[in-house]
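A short worksheet on the structure shown next.
To find a chain, count down the sequence lines: A is the first, B the second, and so on, and within it residues start at 1.
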There are 2 protein chains.
Amino acid sequence: MNDVAAAAGVALKTVSRVVNNEPGVNASTAERVHAAIESLGYRRNDGARTLRRGRTASIGLVIEDVADPFYSGLSRAVEDIALAEGCLVFTGSSGEDPARERELVLAFCARRVDGLIIVPAGTDHDYLTPEVEAGIAAVFADRPPGAGPDADTVVCDNAGGARAGTEHLLAHGHRRIAFLADAPSIFTAAERLRGYREALATAGLPYDEGLVAMGRPDQARVLADLRRLLRLADPPTALFTGNGQITVATLRALAGTAGPAPVRQAPSSGPVAIIGFDDFEPADLLGITVIAQDPAGMGRAAAELLFRRLSGESGPPQRLELPTRLVVRGSGERPPA
Amino acid sequence: MNDVAAAAGVALKTVSRVVNNEPGVNASTAERVHAAIESLGYRRNDGARTLRRGRTASIGLVIEDVADPFYSGLSRAVEDIALAEGCLVFTGSSGEDPARERELVLAFCARRVDGLIIVPAGTDHDYLTPEVEAGIAAVFADRPPGAGPDADTVVCDNAGGARAGTEHLLAHGHRRIAFLADAPSIFTAAERLRGYREALATAGLPYDEGLVAMGRPDQARVLADLRRLLRLADPPTALFTGNGQITVATLRALAGTAGPAPVRQAPSSGPVAIIGFDDFEPADLLGITVIAQDPAGMGRAAAELLFRRLSGESGPPQRLELPTRLVVRGSGERPPA
DNA sequence: GGCGCGTTTGACAACGTTGTCATCACCTCT
DNA sequence: AGAGGTGATGACAACGTTGTCAAACGCGCC
């Protein structure tokens, strides 16, 4: 900027004015400055600008894994809104590791992002309190924060969705419905379990722990649990799977593309009914009935909340609960064998 | 930092030394400083640090769309390597719009990112030349840049993959193979078309333009083209689809979940054979034979190239071509009807 | 002619760091 | 005792901007 000023024969401040389109610069002067900028290939240093002005025009987004379609949909929505607000986005994947979540968040804070959107991996967010007090806005998405500062939160109606899915299976005559999901320490999994139990209770059915399998969402665990479930003396006639990854893993296990030995269902029974929480790309091709949520909608809602805070809106923290939608495609409408 | 210095009764510079773990600070002094940092909740301002030191320890990643599984896989790999290098990542989706690509890249440059990884949407990258001359490292991924600075590039063996896929169909007796892909203006699509043509030529078969349908990867276009192809007097007995999105759209069209009227194949023929370029999440469940590439591997390769440049490696721009892999799952092995 | 006013411009400090160099106390060696 | 070395600390400028304030200028008006 100094060089530009020298080249144009004006003061530093005048260049600054031109660069920022501030009024009160003579047209011919501005012309000279523009010429100098052009010829020197000058580009404003936004880092210095940020230092001086206090706002960085950037936000941090911490999700579980960008490579998961659910979170990448959410990411894209956040990005779009941020760009429209003239804001850039730092993205980081925590991989469900609280330490990495913390590391990322604090690194973003050290960069003085204006705000954060966080899908919490850990349950302790006390480390955020000083940052929030220092003026960094935070919005939690998909899961509420654990201990820590009160902040806006966007979740989906996990329990309601699970209830609807379970009720749908019940309505089709199923009485033995297995529930396969993430570890119960994860908020969404716990909530979905709650919805499942509520639906059973409302229908007057007992809650059988033997039909519930929660844990890591990887193929091996799902395969083992599914094998156990289908070998029960009184096996389930329907499965409710607790997220997209687990649904796919389950389908793989059933199709026999998962491991050395395919999971065999009792020979007497027909194909098991299945409903999955979360829609996934070609669920329609596979004819899988799902409880769909809207990742992009969640990203939009979180980003909108954040930017509302950034533009000065105060008031108590909000908690938004987005609805889910039952999408009927066949797999959830098979009758019990 | 000033406040911390005052609270600890030391000079600014001593605090700086403590914060940066520089040697030559008395243990007891350091202790006092740490206590002051703790009690004031001080966190270093990386923006100022950056301004002083010249390196921002951040990179920019411009892809076509984070929500596309191919690019989100690539993203995640880039993120992981960057984090290991102590670097944060700005992510932006261009949505195949050259203007938005430019806008994002220039915004990243104004933030003085150390380097860029770009999946080019446009064909003109002259706008990058001054930035590269100013010292910002750039690596292109998935597609080479158009006009613009010479820079490292990572692509996959598009032509080779398409050749292998086409040859596989030929080996199974197909003589009428349709090719559905992205618009030919997109590098990968053009290369894959080249591979397809080479395979035909090697087999001594004529190239029939009527069997080629290129354009936007959306459902409506694919549906229309597929309908046209299957109504030909001499219809294709096999399809080669040019990327993940188009493969899924094609499967939808064939399954009839795509639009009002399902695409009907000639009643006399069996189901058409199909091979897709790009693996996609449940392709195994659907039994779709694919030419797989490795998005994470591409991200890793691009990030490694970038960080090698950032650590000072010079030399002419490199061009890496990653191999593809034929994954046999059934859909590509059906004989012609 | 002198005054006030608006427009254009510039000098300077400040943002929060870090690199350079100087200072100072203390110790060891001759 | 004095020279020289070592370790700890601090003063100050600089990074590239922008906000504040003041100066300089031209103009119309009393």
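- Residue N20(B) is classed as a sugar-phosphate contact, given heavy-atom separations below 4.0 Å to backbone atoms only.
- In this structure, R49(B) does not reach the dG16(C) phosphate: none of its side-chain N or O atoms is under 4.0 Å from OP1 or OP2.
- Of the side-chain N and O atoms in T50(B), none sit less than 4.0 angstrom from OP1 or OP2 of dT17(C).
- In the set dG16(C), dT17(D), dA11(D), the nucleotide with an atom closest to the side chain of K13(B) is dA11(D).
- Note on R143(B) versus E96(B): salt bridge recorded, some NZ/NE/NH1/NH2 to OD/OE distance being below 4.0 Å.
- For T14(B), a side-chain nitrogen or oxygen approaches OP1 or OP2 of dG10(D) to under 4.0 Å.
- Among the nucleotides dG10(C), dG19(C), dG16(D), the one closest to any side-chain atom of V10(A) is dG10(C).
- Residue A11(A) places its side chain closer to dA11(C) than to any other of dA11(C), dT17(C), dG19(C).
- OP1 or OP2 of dA8(D) has not a single side-chain nitrogen or oxygen of R17(B) nearer than 4.0 Å.
- Nearest approach of E131(A) to C109(A), heavy atoms of both residues: OE1-CB, 3.6 Å.
- Note on T29(A): a side-chain N or O is less than 4.0 Å away from OP1 or OP2 of dT9(C).
- Comparing dG10(C), dT17(D), dT17(C) by their nearest atom to the side chain of Y42(A) picks out dT17(D).
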